[in-house]
Amino acid sequence: MNEKTILKLQLPTDPLWVKNVVESNIEELLTDHAFCEQKAASNAITLIVQNPNLSDLVQEMSDLVQEEMEHFKRVHQLIIQRGYTLGRERKDNYVNELRKFIIIGGGREAQLIDRLLFSAMIEARSCERFKVLSDNINDKELADFYYELMVSEATHYAMFIRLAKKYAVEVDVDKRWTEFLAYEAQVIQNYGKAETIHG
């Protein structure tokens, strides 16, 4: 899979992130990853709470909540199998910086589309990071696990883009997505130094 083509991310993750940072602290990576899955489920719940009138969205987000919590459970099982315990929730500075780009105020449509594109952006970068992990980590179990999750994240990314296009009337989704990609490229320049999924 070529992320540059499919995900359109402008700045790829340096594979040395896996060798120089991640492999020395798998426990930290797994704890952070578990909470990423939990936050993805929370984000889907928020979309349901904010848009109960959009039946298709509610259905898709309900499925997503279940899937993300299943991923959380599987990461937690890996943590236990390896003799670790789930640490406290980690702050995700990358996601917090991305959130600043979401339109505050304006109409409900603009807010919904931005929330969907924000969600798509996180899934796209997670997908790219999972591919880098799958291709470079010296741990067969984790390589296989991250390959499987990479495919799943790509599906989520596509779903959020599709929903944004479905519910957009006034908003030019392609134009706004291009703006999100440019903003994300600025944000991600400061990352790739920590043993976290978006670190």
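Remember, predicted model here, so these are calculated numbers, not experimental data.
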Testing the basics here: between [X] and [Y], what is the closest heavy-atom pair and its distance to 0.1 Å?
X      : Y      : value
Asp92  : Cys36  : OD2-SG, 4.0 Å
Thr13  : Arg129 : OG1-NE, 2.7 Å
Val171 : Ala110 : CG2-CA, 4.0 Å
Leu117 : Trp177 : O-CZ3, 3.4 Å
Ala182 : Gln10  : N-NE2, 3.8 Å
Leu86  : Ile79  : N-CG2, 3.7 Å

Decide if atom CG of Asn53 counts as having more than 12 heavy atoms of other residues, nucleotides or ligands within a radius under 6.0 Å. yes

If you draw a 6.0 Å radius around NZ in Lys73, do more than 12 non-hydrogen atoms from other residues or ligands fall strictly inside? no

Flag the pair Glu60 and Arg162 as a salt bridge only when some basic side-chain nitrogen lies within less than 4.0 angstrom of an acidic carboxylate oxygen. yes

Quick test of your reading of the model: are Asp32 and Lys91 salt-bridged, counting only N-O distances below 4.0 Å? no

Using the rule that two of Ile, Leu, Val, Met, Phe, Trp, Tyr join whenever any of their side-chain heavy atoms come within less than 4.5 Å, decide whether [X] and [Y] are in one cluster.
X      : Y      : value
Leu149 : Val151 : yes
Leu98  : Ile103 : no
Leu9   : Leu11  : yes
Ile26  : Phe35  : yes
Leu16  : Leu142 : no

Would Tyr167 and Asp56 count as a side chain to side chain contact (heavy atoms under 4.5 Å, CB included) if you check the C-alpha gap in whole Å, the side-chain angles of each, and the deciding distance to 0.1 Å? CA-CA 10 Å; Tyr167 292 116; Asp56 289 352; 3.4 Å; yes

The single option from Glu148, Glu67, Glu141, Glu68 that satisfies salt bridge (charged side-chain N to carboxylate O under 4.0 Å, His left out) with Arg74 is Glu148

Quick check: does any side chain N or O of [X] sit under 3.5 Å from a backbone N or O of [Y], one acting as donor and the other as acceptor?
X      : Y      : value
Asn25  : Glu28  : yes
Ser134 : Ala143 : yes
Asn136 : Val18  : no
Tyr147 : Asp135 : no
Glu37  : Glu70  : no

To the nearest 0.5 Å, what is the distance between [atom1] ([X]) and [atom2] ([Y])?
X      : Y      : atom1 : atom2 : value
Glu23  : Trp17  : CD    : CH2   : 10.5 Å
Lys39  : Ile197 : NZ    : CD1   : 11.0 Å
Glu184 : Ile122 : CD    : CD1   : 10.0 Å
Glu123 : Phe160 : CD    : CZ    : 5.5 Å
Gln66  : Met69  : CD    : CE    : 11.0 Å
Asp174 : Asp172 : CG    : CG    : 6.0 Å

Given Leu112 and Leu54, is the side chain to side chain contact (heavy atoms under 4.5 Å, CB included) satisfied, shown in steps? CA-CA 11 Å; Leu112 170 61; Leu54 303 178; 3.6 Å; yes

Is there side-chain contact between [X] and [Y], with heavy atoms separated by less than 4.5 Å?
X      : Y     : value
Glu27  : Arg82 : no
Phe145 : Val75 : yes
Lys166 : Leu57 : no
Met159 : Met61 : yes

Mind running salt bridge (charged side-chain N to carboxylate O under 4.0 Å, His left out) on Glu128 and Arg125 for me, showing each step along the way? CA-CA 5 Å; Glu128 190 261 356; Arg125 180 57 71 181; 3.0 Å; yes

Is it the case that His33 and Tyr146 place a side-chain donor and acceptor less than 3.5 Å from each other? yes

Hey, are Asn51 and Arg115 close enough side-chain-wise for a donor-acceptor pair under 3.5 Å? no

Checking ring pair (Phe, Tyr, Trp, His ring centres under 6.0 Å) for the pair Phe180/Phe101: CA distance, chi angles, key distance, verdict? CA-CA 8 Å; Phe180 256 101; Phe101 200 61; 5.0 Å; yes

As a quick check of understanding, evaluate side chain to side chain contact (heavy atoms under 4.5 Å, CB included) for Ile161 and Leu116, giving each step before the final call. CA-CA 7 Å; Ile161 296 285; Leu116 292 169; over 6 Å; no

Under the side chain to side chain contact (heavy atoms under 4.5 Å, CB included) rule, collect the residues that match up with Val187, sequence neighbours excluded. Tyr94, Glu97, Tyr183, Tyr191

